[in-house]
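Read the structure below first, then the notes.
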Amino acid sequence: MNAPLKRDEQIELMKNAAERHERLMHKWVKDTTVRSALARPAKGQKERSDYTRNDVTIARCG
């Protein structure tokens with residue numbers, strides 16, 4: 001049985017993996033269908049987080 005890719009092709013794929021992944025993620029993030037699917041809670045998951053954000057200025061030195 002032969003390997004699907006030659007050694008040099010495998011090395012090239014590994015070198016460019018991060019760049020390819022980044023391009024794919026940017027493509028997914030731009031897609032409105034994907035964004036809406038990732039934004040809504042999964043079945044059984046809470047609608048809201050237990051955490052809240054409160055921006056207040058506190059006293060500090062300097």
Legend entry - CD-CE distance between Glu9 and Met14, expressed to the nearest 0.5 angstrom: 12.0 Å
Inset, instruction - Working to the nearest 0.5 Å, report the span between NZ of Lys15 and CZ of Arg20. - result: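 The CZ atom of Arg20 is 13.0 Å from NZ of Lys15, to the nearest 0.5 Å.
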Legend entry - Non-hydrogen side-chain atoms of Arg23 and Lys27 separated by less than 4.5 Å: no
Legend entry - Heavy-atom pair with the smallest gap, counting every atom of Asp31 and Val34: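 The answer is OD1-N, 3.1 Å.
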